[in-house]
Amino acid sequence: MTHVNSQSFFLVRAPTSVAISRRRLRELISTWHVRQDDDSDMAMTTVVSELVTNAVSHGVGDMLKVVVRADVRQGRLTIEVHDDSPALPRRRTPCPDAESGRGMVLVEHLAVAYGAENTARGKRVSAELALPPRRTTGRHSLDPLRSAASGIARRLPAFAWLRRRRGGFGIATGMRARITPSDGTCHSGAAPIATDFHH
């Protein structure tokens with residue numbers, strides 16, 4: 001995975017493009033192997049939805065351009081939406097009973113930075129979001145443990161249960177150990193079990 005990835009795509013300026021923008025964004029993030037959690041996924045899909053909705057409702061032209069840039073080292077995801085209207089969005093305070101008008105306020109709340117500027121063809125509205133912290137442990141941290149288990153299995157027949165199974169290695173421990181997929185933290189309990197370390 002490179003530290004910085006950037007790609008753009010075009011959408012028809014129509015309400016149906018809002019859902020398409022969310023799907024395309026998720027596809028890019030997945031292709032780039034950018035780590036996400038529930039909060040960051042909610043934030044990025046909400047922001048791209050609101051930016052595209054605003055461009056569909058108040059922009060001009062037949063097409064919209066969406067630019068997505070992920071900087072893993074800096075922990076930032078930038079989303080830009082371009083349309084052909086030079087009119088910049090204005091922040092409004094919606095009435096309590098209003099059914100619309102809260103989109104850009106929501107974007108400002110979710111984004112680390114937010115802005116709009118004129119371009120040669122119209123305007124660009126962008127939002128910068130924080131990515132989840134990178135993991136400090138992962139699959140590679142388990143490689144020495146796998147190697148040690150394999151070596152024991154080869155040398156001591158009594159420990160044949162340590163041999164590689166389809167799902168990974170079973171490691172007998174005196175305490176209950178569970179590796180969580182989110183942060184690699186080991187949790188302890190009372191019962192002795194065999195723990196699987198999967199690929």
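Since we're looking at a predicted model, the values are computed, not measured. Just so it is clear, the values below take in all heavy atoms, side chains as well, and ignore hydrogens, waters and symmetry mates.
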### Task
Indicate the atoms forming the closest heavy-atom contact of Val56 with Pro15, along with that distance.
CG1-N, 3.8 Å
#### Entry: Close side-chain approach of Leu129 to Ser40, heavy-atom, < 4.5 Å
no
### Presence of salt bridge, Asp83 and Lys123, under 4.0 angstrom
yes
### Query
Tracing side-chain links under 4.5 Å among I, L, V, M, F, W and Y, which residues wind up in one group with Val60?
none
### Query
Of all residues at least two apart in sequence or in a different chain, which pass the side chain to side chain contact (heavy atoms under 4.5 Å, CB included) check with Ala130?
Arg76, Val112
### Query
Do you know the tightest heavy-atom contact between Ala127 and Val107?
CB-CG1, 4.0 Å
### Query
With Ala14, which residues qualify under side chain to side chain contact (heavy atoms under 4.5 Å, CB included), at least two apart?
Val12, Thr16
### Partners passing side-chain hydrogen bond (donor to acceptor under 3.5 Å, both in side chains) against Arg26 (at least two apart in sequence or in another chain)
Asp41
### Message
Quick check on Arg23: does its CZ atom have over 12 non-hydrogen neighbours (other residues, nucleotides or ligands) under 6.0 Å away?
### Response
yes
### Task
Over all heavy atoms of both residues, which pair between Glu80 and Ser126 is shortest? Give the atoms and the distance, please.
CG-CB, 3.6 Å
### Task
Apply the test side chain to side chain contact (heavy atoms under 4.5 Å, CB included) to residues Gln7 and Thr31: give CA-CA distance (whole Å), side-chain angles for both, the deciding distance (0.1 Å), then the verdict.
CA-CA 11 Å; Gln7 189 168 323; Thr31 299; over 6 Å; no
Give every donor-acceptor pair under 3.5 Å between a side-chain atom in residues 61-72 and any protein atom, sequence neighbours left out.
from	atom 1	to	atom 2	distance (Å)
Asp71	OD1	Arg73	N	3.3
Asp71	OD1	Gln74	N	3.0

### Message
Taking side chain to side chain donor-acceptor pair (under 3.5 Å) as the cut-off, I'd like each qualifying pair that reaches into residues 42-57, sequence neighbours left out, listed once.
### Response
Arg22-Ser49
### Message
Taking Val48 as the starting point, is it possible to reach Leu106 by hopping between hydrophobic residues whose side chains are less than 4.5 Å apart?
### Response
yes
### Query
What is the minimum heavy-atom distance between Pro89 and Tyr114, and which atoms define it?
CG-OH, 3.7 Å
### Query
Transitively linked via ILVMFWY side-chain contacts under 4.5 Å: Phe10 with Leu51?
no
#### Entry: Residue pair Met44 / Ile29, side-chain heavy-atom distance below 4.5 Å
yes
### Message
Given 3.5 Å as the limit, does a donor-acceptor pair link the side chain of Ser17 with the main chain of Ile20, or not?
### Response
no
